[in-house]
Amino acid sequence: MTVGDALPGGDQSALRHLNTRRVLRLLYEGPSLTISGVARETGLSRPTVQGILTSLVESRLLVLDGFDNAPTGGRPAQRYRFAADAGIVAGLDIGAHAVSVRIADLAGAQVAAARTAIDPALDPAGRIDAAVSLLRRTMPAGAPRLWAACAGSPGIIADGVVRLSVAIPDWTGTALAKELTARLECPVSAVKDANLAVLAEHRVGAAQGVDHVLYVHAGHRLGVGVLVDGRPFGGGRGAAGEIGRHPGLGWEAAPRKLLSDAGVAPGMNSREWVFAQARRGDRRAVEAVDDYARALAEGVGAMVLAMDPQLVVVGGGVARAGETVMEPVRRHLAEILYELPGLAISALGDDAVAIGAVETARDAVRAELFTDGS
């Protein structure tokens with residue numbers, strides 16, 4: 001069953017179907033309205049509106065929402081609103097060491113969320129099964145139908161297929177969207193995790209109101225998400241922003257080099273300790289952080305010169321260090337760029353990918369409910 005199956009009027013005339021979508025979109029994007037209010041906003045006749053509203057209530061896409069008191073003391077007018085709880089959407093963040101899920105209603109309000117560690121040695125089928133299992137365990141009892149889902153994962157992803165993943169080597173070639181669609185029995189898309197993160201920051205995070213954004217994930221790995229005209233940009237084959245591949249930047253080695261330069265013993269992973277030492281003024285830690293910031297700035301600077309974003313958002317574990325890292329990054333960027341863009345720390349932290357995945361799933365629902373299908 002597709003999302004569109006929930007929309008009444010499929011067996012009616014094309015005009016009735018288009019009018020139904022217009023009414024549904026009006027109530028989805030705005031407040032509850034009476035029959036007269038809908039007629040006024042859409043220009044449709046009152047009898048036409050009444051018939052459409054009745055069919056949408058019967059299909060459970062609208063619910064009754066109280067009454068407007070008549071100004072002359074007459075019969076109160078019934079109000080109608082979009083039924084956000086008619087279905088749910090899901091966002092998944094499938095990484096090398098953990099999977100996260102976020103479930104929301106059709107208006108985007110969070111219903112449930114969960115995160116769990118997984119064995120990094122899992123094969124692709126096992127990794128997908130772990131994500132699906134977590135999603136099913138997280139769904140509340142009696143939850144409505146899952147209308148759409150989206151999964152984010154590190155790597156180059158195009159047409160729902162992981163074309164290349166360095167973070168999860170045996171992930172390369174996985175038809176992620178197809179595998180998840182079969183298991184979840186709803187439309188599922190798959191997108192590079194950093195591109196979902198930049199979409200989330202644009203919709204509800206640090207980049208609200210900004211349409212050209214560069215998102216940098218700085219953690220165990222360095223990755224980039226690109227937003228152009230308010231939309232994630234993957235390029236012709238999904239590889240836009242994969243600047244870390246350039247050997248001259250040293251991005252692949254930078255996270256490990258930060259630790260070794262600061263004197264962290266091999267096998268330990270303690271960036272927080274390095275940043276704490278730098279804040280205390282430890283010379284070795286300060287120099288290690290500065291070298292890391294320089295490497296980060298060189299890659300970011302190249303991307304900024306290429307795409308001219310209005311804002312650069314830094315996310316991932318390193319962002320928690322705040323100005324300990326941001327100040328030297330800003331200083332090194334000033335040596336590279338003609339003009340510094342805005343520089344902000346992620347407002348969403350580790351939830352950014354799952355939130356972006358939910359937003360992408362909601363976009364899929366909106367596209368099917370509100371477009372004419374022509």
Could you tell me whether the side chains of Ser32 and Asp65 share a donor-acceptor contact shorter than 3.5 Å? yes

Rounded to the nearest 0.5 Å, how far apart are CD of Gln277 and OG of Ser270? 9.0 Å

Given 3.5 Å as the limit, does a donor-acceptor pair link the side chain of Thr181 with the main chain of Ala177, or not? yes

Atom CZ of Arg331: over 12 foreign heavy atoms under 6.0 Å: yes

Let me confirm one number: the CG-OH distance from Asn195 to Tyr215, rounded to the nearest 0.5 Å. 11.0 Å

same_hphob_cluster(Met326, Leu337) at 4.5 Å side-chain heavy-atom cutoff: yes

Go through the structure and list residues passing side chain to side chain donor-acceptor pair (under 3.5 Å) with Asp129, not counting sequence neighbours. Arg183

Are Ile156 and Leu214 connected in the hydrophobic side-chain network, where two residues link if heavy atoms are under 4.5 Å apart? no

Hydrophobic cluster membership, Val166 vs Ile243, 4.5 Å side-chain cutoff: no

Would Leu227 and Leu343 show up in the same hydrophobic cluster when neighbours are defined by side-chain heavy atoms closer than 4.5 Å? no

Sequence-distant partners of Tyr80, ring pair (Phe, Tyr, Trp, His ring centres under 6.0 Å), two or more places apart: none

Using the rule that Ile, Leu, Val, Met, Phe, Trp and Tyr join whenever any side-chain heavy atoms are under 4.5 Å apart, tell me whether Val49 and Val63 fall into a single cluster. no

What's the separation between atom CG in Leu134 and atom OG1 in Thr116, rounded to the nearest 0.5 Å? 6.0 Å

Residues forming a side chain to side chain contact (heavy atoms under 4.5 Å, CB included) with Thr360, sequence neighbours excluded: Cys150, Ser189, Leu196, Leu199

